[in-house]
Every structure is written in structure tokens, then in C-alpha cells.
2 protein chains.
Amino acid sequence: MKHSKNRKDEIYAVAAKLFRKRGYVASTMRDIAELVGIEPSSLYSHIKSKEEILINICSNCANEFDEGMDVILNSNKTNPKKVEALVDLHLDIAYNKPSSVTVFNDEWRHLPEKDLHLFLEKRNAYEANFKSILRDGMHKSEFIEMSESTAFHLIINSVKWIHYYSKKMTQDQLELKRKEIKYFISRGLGLKTN
Amino acid sequence: MKHSKNRKDEIYAVAAKLFRKRGYVASTMRDIAELVGIEPSSLYSHIKSKEEILINICSNCANEFDEGMDVILNSNKTNPKKVEALVDLHLDIAYNKPSSVTVFNDEWRHLPEKDLHLFLEKRNAYEANFKSILRDGMHKSEFIEMSESTAFHLIINSVKWIHYYSKKMTQDQLELKRKEIKYFISRGLGLKTN
DNA sequence: CCTACCGATCGGTAGG
DNA sequence: CCTACCGATCGGTAGG
């Protein structure tokens, strides 16, 4: 059991790396097996299917974002501070789990229909929460007035490239990027402070 | 011959749309054939291979960016105006050819080795040109001082989501987004004007 | 542009 | 965890 659990984790980790590098569809069970060091059919002693791997990577990642969002929503931070915390959330996950995040960002469309549906629902809810912070901040003149949707995409995409580079980045280099990204977003949103 | 040319264009257009929707690897020649309305094997009267389609989409798109970059580099605009022109370039291509741009952005890694090598070289050259404008602008204090690399990624990713939505967007809606994106970037780069 | 077809490779199963 | 194997599907070719 313990051994099997380790194997399972290993399979997931190897698969996430491979999916990140080649994409989900182009990654084969034979590739994964070879990287793990077992025969392809042996994978099925630990996992149910290739799709199951994708489903788990995506839903684990979604949960991490959701939990972060919950903490931030329930905090008594100002809206600018909430946005800053969201940037931190994205950067930390991207730095600590670059493979999972890349799969989450780029491979979700290959989820089977039911999971895809759930995924998109969760993603829409996350986006709605993010926008509610932006909207509230604009109403209170904490941010410059602009389209919530545009602001959302601008902020999220200011952060959405780190995971491609985080494997080549030290913690110190990340912190430098973090500051620059935050300043850029703060100025972009029209904050005088910081 | 004329008929054949139209068919070829049609195949490329259909393939680009499908690659955008499903990804290159998950799109089959049978899918493309069905959308065109011919038998799968008939595709090969007009094209050489599936890879050839990807190669052409990517290189056409790369050329469009390169030509835009050349015009901007050889203009006598100020650096902020050059950045603004680059933003326009990206937005216009994203709006007018959303399928090609998506394939160019997300599917290039499936290029065969030689073409992949060429692609990455071109992409690096483009990035170097982009950064040279940023560097020059920082030296002249037209922009706030920051890492060229970070600035590059922040600007490019402020624009790199439009192509996912441009099919649902009218020209007027694009122009609104364009303004907001430009303001955001201008403020992010520390420009007082605009 | 079609009919007919092929070798390669895929995800996955049976049985131990 | 392995050996042996399978049906489905892939990109592509031969020949007309």
C-alpha cells in the first residue's frame, strides 16, 4: 500500500512533467511508463486511465486556486491588497508547481465532457470572484475605472507566463519578478501607493 | 489549377480553425476532410502532409509579425510610440486571424525539428528587437527602469488573450479593449502622457 | 477526387 | 508488476 502510493505519486509527477513538455495528447502511456521505469500495462495497477491523470492534475490545481481565493475573499484586506494577494497566489502556485499549472492552463480542454463542464463552471466562478474584487475597488475609487473583464485579463496574464520559466528561476529571481509584476499591475490599475 | 488553389486555401483555413479548437495533435486528417467535404485521401492532392499545414500556418504568422516589427523598427517614432505600434500590431493580427495566431502561439512545439529550430530562432530575434526598444526607452527615461525581460513579458501577455475572444467581438468592442490595454501598459511602463 | 488499403501506434485488458 | 495481446485509429500511399 505505501509502496503503491509512492508509485502513484511518482506516476502523477512524471505525467505532469511530460504533459507540460509535449502536451496531453502527444504524451503516451508508453512514454510515462518508460520514465517511471515499468512496463506500460503496469501503470494500470496504480491508475485507472490516462484521462484520470489529467482530471486529477486539473482538479487539484483548481482546488488550490479556489482555496486561495476563499482565504482572500474572507479576509478584511482592502481591494488593492486583495489583488496583491491574488498575484501572490498565482505566482506561488506557478513557482512551486510549474508542471501542474501548465497542464491546468493549457490542457484542460482535453478533459472528458463531464469533467470539462465542471472545470469551466469552477473557472467561471473564480473569474466572477476576481471581478467582484475589481468592481468593488473601482466603485470605491481604489482602482481606475475600466472594464472589469479587461482588467481581469490584464492582471491574470501579467502573471500567467511565470510558470514557463520557474524551473530556471531561483527563489531570489522570483522575488525580483514578483516586485516588478506587482508594480506594473499597481500602476496599470492606477494605484498611487506602493 | 485555380480550383485547386481555392481548395488548398480552404483546407488551410479549415485546419487552422480545427487546430485552434482541438489542438494540432488531436485534430485528424479525417476531421479536416469531413469539414472540407471530401475523402481523407483527397487532401493529399492539395497538401503534402499534416505537418506541412502546421508549418505554413506558423511561418505565415511569424512573417506577419516580422514584417510589422521591421516597419516599426525603421520608423522614426519615439520608443513609447513604437511600443504602442507593437501593441496595435499584435491586436490587429489577433483580431483578423484568430485561428492562425492561436496555432502560432499554442501549437508551435509540434513543428518537426528543423522547422521548430527555425521558429525558435525567429522568435528569439523578435524578442530581442522588442527588448531593444524597451532598453532604449529606459535609457532615455521614456519608461520606468525595470527588467527588460519582465517588461517584455508583461506587455506581450497584456495582449495575448484577445485572440481567444476576437471571434465574439465586434470591431467597436475591439477598439474599446485596445484603448484600455494601451492605457494599462502606458501606466505600467510609467508614462505620464496619454 | 475516390476506393481500397497498409503499417504503426495508440489506450487498455486478460491472466498470472 | 510482467507477458501477451487486441480493437481502434492514425497519417499516408497505390492506382485509377
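Chain naming here is simple, since letters A, B, ... match the order of the sequence lines and numbering starts at 1 in each. Side chains included, hydrogens not; waters and symmetry mates left out as well; all remaining heavy atoms used.
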- Give, for atom OG1 of B/T102 and atom CD of B/E107, the distance between the pair rounded to the nearest 0.5 Å.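 CD of B/E107 is found 9.0 Å from OG1 of B/T102.
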- Message: Tell me which pairs pass side chain to side chain donor-acceptor pair (under 3.5 Å) where either residue lies in residues 65-76 of chain A, with sequence neighbours left out.
- Response: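 For residues 65-76 of chain A, and leaving out neighbouring residues, the side chain to side chain donor-acceptor pair (under 3.5 Å) pairs sorted by first residue read A/D66-A/K122.
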Separation of [N] [atom2] from [X] [atom1] (nearest whole Å):
{"X": "A/H46", "N": "D/dC2", "atom1": "NE2", "atom2": "C1'", "answer": "12 Å"}
{"X": "A/Y44", "N": "C/dA14", "atom1": "OH", "atom2": "P", "answer": "13 Å"}
{"X": "B/I11", "N": "D/dG11", "atom1": "CD1", "atom2": "C1'", "answer": "15 Å"}
{"X": "A/L54", "N": "C/dG11", "atom1": "CG", "atom2": "C1'", "answer": "14 Å"}

Please write out each protein N/O paired with an N/O of nucleotides 3-10 of chain C under 3.5 Å, distance rounded to 0.1 Å.
unit_1	atom_1	unit_2	atom_2	d
C/dT3	O4	B/S41	OG	2.8

- Please, what dot-bracket string fits DNA chain C when only Watson-Crick and G-U pairs with both distances under 3.5 Å count, crossing ones use [ ] and pairs to another strand use |? ||||||||||||||||
Do [X] and [Y] meet the criterion of a side-chain donor-acceptor pair at a distance under 3.5 Å?
{"X": "B/K177", "Y": "A/T150", "value": "yes"}
{"X": "A/N105", "Y": "A/Y164", "value": "no"}
{"X": "A/D31", "Y": "A/T28", "value": "yes"}
{"X": "A/H163", "Y": "A/Y95", "value": "no"}

- Item | Electrostatic pair B/K97:B/E64 at N-O distance under 4.0 angstrom |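 B/E64 and B/K97: salt-bridged.
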- Query: Looking at B/Y24, is B/K50 sitting on its ring face, NZ or CZ under 6.0 Å from the six-membered ring centre and within 45 degrees of the normal?
  - Reply: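 Yes, B/K50 sits over the ring of B/Y24.
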